[in-house]
2 protein chains.
Amino acid sequence: MTENDIFRALADPTRRAIFEKLATGSMNASSLRDGMKISQPAMSQHLAVLHQAKLVRQERKGRFVNYEVDPDGLALIANWLAKYRAYWPERMDALRTLLKDMDQ
Amino acid sequence: MTENDIFRALADPTRRAIFEKLATGSMNASSLRDGMKISQPAMSQHLAVLHQAKLVRQERKGRFVNYEVDPDGLALIANWLAKYRAYWPERMDALRTLLKDMDQ
DNA sequence: AAATTATATAAGTACATGCTTATGTATTGT
DNA sequence: ACAATACATAAGCATGTACTTATATAATTT
């Protein structure tokens with residue numbers, strides 16, 4: 001799990017879509033495939049990349065493997081972003097809200 | 001400037017290094033090259049990619065072109081990250097600090 | 001135990017990407 | 001006007017990446 005792993009993992013739109021879907025709730029690889037016009041091996045490979053980047057955790061449940069968002073990867077991005085706080089625009093509403101939530 | 005442009009731009013370590021250097025202060029392409037073992041065309045191409053992603057602004061100053069960090073790109077990353085706030089770890093200190101800064 | 005289901009891995013291929021060398025364009029200095 | 005400097009663009013090439021098909025592994029069901 002390096003900065004490089006993370007950014008390369010997120011560089012692919014299919015992988016971002018998978019991650020985004022996973023963020024709506026943990027699920028196994030087959031469920032992730034539903035409605036996603038992607039082959040089984042392709043999904044497996046994408047999940048491996050996301051996993052290596054620590055954007056995703058996996059846990060075997062019988063013959064399924066359950067996947068979920070791994071906060072570690074997100075934390076690394078947040079830290080990367082924080083380095084440039086001097087350049088953040090005045091009105092960054094989404095983040096402002098976020099901060100309030102966290103800071104209570 | 002799309003989400004895709006941004007993540008692809010940041011996927012390359014050389015480009016992240018250029019961006020990081022630029023974050024220490026605006027400078028022209030030649031200054032960016034100093035100490036960076038990279039050819040002039042390569043630098044120019046990287047800057048074009050960063051520019052298209054709105055991670056960098058450019059302004060011609062005589063025969064130099066001055067580059068600076070463009071907050072627009074950073075804002076897009078922040079918004080992307082904000083979508084996953086449900087998964088942020090409890091103690092994300094860098095961001096907590098950041099929020100305080102922004103929130104008053 | 002054999003068949004089925006879920007996922008992973010291997011090998012090959014087409015295309016994307018980051019570099020190079022060569023050349024073009026813009027601006028300044030003499 | 002000409003040379004020099006700063007940067008951009010074009011074309012070619014080597015490597016990386018995302019897919020495919022084929023096959024392996026792991027767990028469940030009958």
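All of these numbers come straight from a predicted model, not from anything done at the bench. Heavy-atom basis, side chains included; hydrogens, waters and symmetry copies ignored. Proteins get letters first, then strands, A, B, ... in listed order; numbering begins at 1 in each.
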Distance below 4.0 Å between A:Tyr67 side-chain N/O and C:dA6 OP1 or OP2: no
Residue-phosphate contact under 4.0 Å: A:Thr14 side-chain N/O, D:dC19 OP1/OP2: yes
Between atom [atom1] in [X] and atom [atom2] in [N], what is the gap in whole Å?
X	N	atom1	atom2	answer
B:Met36	C:dC19	CE	P	10 Å
A:His46	C:dT9	NE2	P	15 Å
B:Arg15	C:dG18	CZ	P	4 Å
B:Arg60	C:dT25	CZ	C1'	8 Å
A:Phe7	D:dT17	CZ	P	16 Å
B:Leu47	D:dA8	CG	P	7 Å
A:Arg16	D:dT17	CZ	P	16 Å
A:Gln52	D:dA18	CD	P	13 Å

Connected via hydrophobic side-chain network under 4.5 Å: B:Tyr67 and B:Ile38: yes
Hydrophobic cluster identity match, A:Val49 and A:Val69, side-chain contacts under 4.5 Å: no
Side-chain donor-acceptor pair present, A:Asn28, A:Ser31, cut-off under 3.5 Å: yes
Donor/acceptor link under 3.5 angstrom from A:Gln40 side chain onto base of C:dA8: yes
Along DNA chain D (nearest heavy atom to each residue), the more 5'-positioned of B:Ala48 and A:Ser39: B:Ala48
Of B:Arg63 and B:Gln45, the one whose closest DNA chain D nucleotide lies more 5': B:Arg63
Passing candidate, side-chain contact (heavy atoms from CB on, under 4.5 Å) with B:Met1, options B:Asp70, B:Leu76, B:Leu55: B:Leu76
Residue A:Gln58, side-chain heavy atoms: nucleotide from C:dA8, D:dA18, C:dT21 that is nearest: C:dA8
Closest to the B:Ala42 side chain, choosing from C:dA10, D:dG16, C:dC19: C:dC19
Whether over 12 other heavy atoms sit under 6.0 Å from A:Gln52 CD: no
